[in-house]
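Notes for the one structure printed next.
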2 protein chains.
Amino acid sequence: MKKKERQQKVIDEVSINRKVTSSYLSEKLKVSEDTIRRDIKELHDKGLLTKVHGGAISTIQKLYHYNEDIIYNRESKVRIAQKAISLIEDGMVIIISGGTTNLMLAKLLPKDLKATIYTYSLPIAMQLTEHPLIETIFIGGKIHRNSMVTIGIDVIQYLSNVRANICFVGVSALNTEQGITDEGYEVSLIKKAMMNASDRSVFLATTNKLNIRHSYDVCNLKEIDTLVTDLDDDCPTRSTFINAGVTVL
Amino acid sequence: MKKKERQQKVIDEVSINRKVTSSYLSEKLKVSEDTIRRDIKELHDKGLLTKVHGGAISTIQKLYHYNEDIIYNRESKVRIAQKAISLIEDGMVIIISGGTTNLMLAKLLPKDLKATIYTYSLPIAMQLTEHPLIETIFIGGKIHRNSMVTIGIDVIQYLSNVRANICFVGVSALNTEQGITDEGYEVSLIKKAMMNASDRSVFLATTNKLNIRHSYDVCNLKEIDTLVTDLDDDCPTRSTFINAGVTVL
DNA sequence: TAAATAACTGCATAATTTTGCATATATTTA
DNA sequence: TAAATATATGCAAAATTATGCAGTTATTTA
């Protein structure tokens, strides 16, 4: 029996019984306990089971898990998300748009946060299921394949009946003249609807989205309550927005 | 340099440049082209890059991917899903409930199938985004954490306005006396609503769901249009259902 | 707290995997 | 289509990894 095979059997045993001992596995698989311990250690490191004194127990496995490595500029997005999270308080009603920055935000939310969150992004909704105290409401509609968000009149309609404390809107493009713009017409309307439904509108913008302009208006600078960026305090671009009257975090 | 390290470098090179040749990698990493080719083959099999004649190109990486290994009785679910798929025709409007059997069904749908699919399961909706010709409509509502489906009156309300050719319903419990039952009240109502919205109701049941009874009625045997199971043709349980007038696949 | 059980460490040996080469086959391109 | 280039296959040597044991340390439990 090869190592891979044996480790698969270890996993099988662990998932059949809730817990297995090293001595039991050693006898069943005809290898020394040391080998079993080494197997358990490896599988534990891979997250496939949990090592305990005497053997191993099964771990609650996630059906889905995502590949953070492929998120462009992940570090920067994490910093932005953390700043944004500082604006959240227990008990709030929140609306979150799509995008990987907001996905990071969803992931980084404190596990003990109690809140109601509306979203129309599939990955974000998936992520939020890992937060036990967050009530997630998914806004249905036609799914846009690449961005994995729902779009369409249904979403806008739904948002018109929602009242939230705060919304976090991912920015596609921002410049000082046109303000925030978007590539898609439907998405621009959804973002407007989010703003209308919320007391406070917070926009999350990575540096590569600044000084860019797309076709469809979302809002002008005056309508931005708070802008969260990853720019340095003494950066001239940052000053430009502050001078235009925007609160920049 | 160890093999693992080297393969990581191959991945790095491929993601930096869009395409790399085996000869380039061979020289850069100081190993024979044969070794590079074997590395590329392995990485290709793992889905981390795409092997092409002359070298490798980068693959579009998925943000989310799921862990099929943890699906209980996966083989059996695949067989059931494949039988169910044989009932689908191009251009159909379909409603799919949650559950891993239906997730397998979503995954196994032909890539060239043209259809409109309504679902209220997050993983299934995610999966369907990989099918270019399927229009997916997600039915919104409050998200149930563990099952990753939406529940609530909104879902039932929405379904009352949908008209579908066929619906695929995952079975929680089925026996000859009570028919199909479910653990949750809301879920039982949603399944009823699916049936009302569809011309044909197809129920997918793994063997471990048979001869079990839960608290809330979904429907009796007479209302089942088609039952898809993994039972052998000569299995007595199967005959029981056929004798009760159910079409069993 | 003492006895029992389990885990860790280092190590020699066994088992497996990796590698480059030689050869044959396949694919691309001029 | 022919020449050039790339890939596939089998194989022996080299490199790496896995294994069980002995000795020691840590943890559990009666």
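Numbers restart at 1 for each chain; the letters A, B, ... are given by sequence-line order, proteins then strands. Please read all numbers here as calculations on a predicted model, not as lab measurements.
- Salt-bridge check for B/Arg6 with B/Asp39: passed, with a basic side-chain N closer than 4.0 Å to an acidic carboxylate O.
- The distance between the ring centers of B/Tyr120 and B/Phe138 does not fall below 6.0 angstrom.
- Using a 4.0 Å cut-off between charged nitrogen and carboxylate oxygen, A/Lys46 and A/Glu42 do not count as a salt-bridge pair.
- Side-chain contact of A/Lys142 with B/Thr136: a donor-acceptor pair under 3.5 Å is absent, judged by distance alone.
- Between the CG atom in A/Asn208 and the OG atom in A/Ser76 there is a gap of 7.5 Å [rounded to 0.5 Å].
- Here the CD1-CD1 distance, from A/Ile16 to A/Ile11, works out to 12.0 Å after rounding to the nearest 0.5 Å.
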Contact letters for nucleotides 6-17 of chain D, in which S counts primed atoms plus P, OP1 and OP2 and B counts the base, heavy atoms under 4.0 Å:
SBSB-------S

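- Note that CG of A/Asp45 and CD1 of A/Ile40 are 12.0 Å apart. Values are rounded to the nearest 0.5 Å.
- Between chain B and DNA chain C, the heavy-atom contact criterion of under 4.0 Å yields a 5' to 3' nucleotide range of C/dT18 to C/dT28.
- Side chains of A/Thr59 and A/Thr50: a donor on one and an acceptor on the other come within 3.5 Å.
- Each end of the helix from C/dT1-D/dA30 to C/dA30-D/dT1 gets its own axis, taken as the rotation carrying the C1' atoms of four end pairs onto the next four within a five-pair window, and the two axes meet at 60° to the nearest 10 degrees.
- Remark: the B/Thr206 side chain and the B/Asn73 side chain contain no N/O donor-acceptor pair separated by less than 3.5 Å.
- Side-chain contact annotation: A/Asp230 with A/Thr207, donor-acceptor N/O pair under 3.5 Å absent.
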